[in-house]
Amino acid sequence: MTLRSAKAAVLVCAISLAHSLSYGAAGTKSRIYSNVEYNEEGGDLLGYELELRLDGSRVTGVLRIYEGGCGSPAPVAGTLSGGKISLRGEDKFYGEVEISGRMSNDLVKATLRMEKAAEPETIKLRLIPKPHC
């Protein structure tokens, strides 16, 4: 094996690994979007995190609401079509949860409605490599 073919083989392996991490089994993509921040004053994590599995237009995953420590996962499911995302689920504390808005490769900008919250909230979540907890 020449040095050039060895480099090519390493490159092919790296591309294959990146593809499998990004797409998972049978074309399913996994992504995590978050606006979670660390509050130094209180030592708390605050914000929202959306961990999604995309399989064509079908979307499943969990929403975590951080209000101090690690957020407990609230299962969500819905659709993604033409960049429009629509999810529904249930949180133990907030009740029924709805997320509707726009999604790109690196951003989710949506309205979050929670049954027991005073009013809907506009959220902007950025793609991150791994969950906070």
Side-chain angles (χ1 to χ4, degrees):
M1 181 180 275
T2 67
L3 181 58
R4 184 176 184 166
S5 62
K7 286 181 181 179
V10 168
L11 180 60
V12 168
C13 287
I15 290 170
S16 295
L17 176 60
H19 183 270
S20 66
L21 290 174
S22 162
Y23 287 90
T28 302
K29 299 178 190 177
S30 295
R31 295 191 182 145
I32 302 167
Y33 296 89
S34 178
N35 68 359
V36 173
E37 294 183 358
Y38 178 72
N39 178 309
E40 289 188 33
E41 186 176 315
D44 297 330
L45 292 172
L46 303 171
Y48 302 100
E49 198 160 87
L50 195 52
E51 189 170 343
L52 301 175
R53 285 176 301 287
L54 310 170
D55 188 7
S57 64
R58 186 169 180 261
V59 181
T60 58
V62 294
L63 170 69
R64 287 186 179 84
I65 302 168
Y66 288 80
E67 297 178 316
C70 293
S72 62
V76 293
T79 59
L80 174 65
S81 178
K84 291 183 181 180
I85 189 164
S86 178
L87 302 169
R88 294 187 95 147
E90 181 112 10
D91 179 75
K92 291 177 188 176
F93 180 75
Y94 286 102
E96 187 175 316
V97 173
E98 292 181 33
I99 301 168
S100 59
R102 305 282 304 163
M103 180 176 151
S104 65
N105 284 333
D106 61 348
L107 182 70
V108 171
K109 187 173 182 182
T111 300
L112 172 62
R113 290 178 179 83
M114 295 184 283
E115 181 180 3
K116 295 180 183 175
E119 55 188 60
E121 183 176 350
T122 299
I123 57 173
K124 194 176 196 179
L125 311 175
R126 300 214 178 271
L127 184 67
I128 61 171
K130 62 181 186 173
H132 285 83
C133 291

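Only a predicted model underlies this, so the values are computations on that prediction, with no experimental measurement involved.
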Stepwise, does the side-chain contact (heavy atoms from CB on, under 4.5 Å) test hold for Leu50 with Ile123? CA-CA 11 Å; Leu50 195 52; Ile123 57 173; 5.9 Å; no

Hey, is the main chain of Tyr48 close enough, under 3.5 Å, to the side chain of Asn35 for a donor-acceptor pair?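 Side chain of Asn35 to backbone of Tyr48: a pair is present.
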
Are side-chain heavy atoms of Leu52 and Leu87 found at a separation under 4.5 Å?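 The answer is yes; the side chains approach within 4.5 Å.
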
What distance do [X] atom [atom1] and [Y] atom [atom2] have between them, rounded to the nearest 0.5 Å?
| X | Y | atom1 | atom2 | answer |
| --- | --- | --- | --- | --- |
| Leu54 | Thr60 | CG | OG1 | 8.0 Å |
| Arg113 | Ser100 | CZ | OG | 5.0 Å |
| Ile65 | Ser72 | CD1 | OG | 7.5 Å |
| Ile32 | Arg53 | CD1 | CZ | 10.5 Å |
| Asp55 | Lys29 | CG | NZ | 10.5 Å |
| Met114 | Glu90 | CE | CD | 12.5 Å |

Taking all heavy atoms of [X] and all of [Y], pick out the closest pair and write down the distance.
| X | Y | value |
| --- | --- | --- |
| Ile99 | Ala110 | CG2-CB, 3.8 Å |
| Tyr33 | Met103 | OH-CE, 3.4 Å |
| Leu46 | Gly68 | CD2-N, 4.0 Å |
| Val36 | Gly47 | CG2-C, 3.9 Å |
| Thr111 | Pro120 | CG2-CB, 3.8 Å |
| Thr79 | Val59 | C-CG2, 3.9 Å |

Please test Cys133 against Tyr66 for side-chain contact (heavy atoms from CB on, under 4.5 Å), starting from the C-alpha separation and ending with a verdict. CA-CA 10 Å; Cys133 291; Tyr66 288 80; 3.8 Å; yes

Does any pair with a residue in residues 123-132 pass side chain to side chain donor-acceptor pair (under 3.5 Å), and if so which ones, sequence neighbours excluded? Glu49-His132

Answer with yes or no whether the hydrophobic clustering places Leu80 together with Leu112; edges join I, L, V, M, F, W, Y residues whose side-chain heavy atoms lie under 4.5 Å apart.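 Yes.
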
Do the side chains of Leu127 and Ile85 join up, straight or via other hydrophobic residues, at under 4.5 Å, putting them in one cluster? yes

Does atom CD of Glu37 have more than 12 heavy-atom neighbours, drawn from other residues, nucleotides or ligands, at distances under 6.0 Å?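 Open.
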
Could you walk me through whether Asn105 and Arg31 pass the side-chain contact (heavy atoms from CB on, under 4.5 Å) test, one step at a time? CA-CA 9 Å; Asn105 284 333; Arg31 295 191 182 145; 3.2 Å; yes

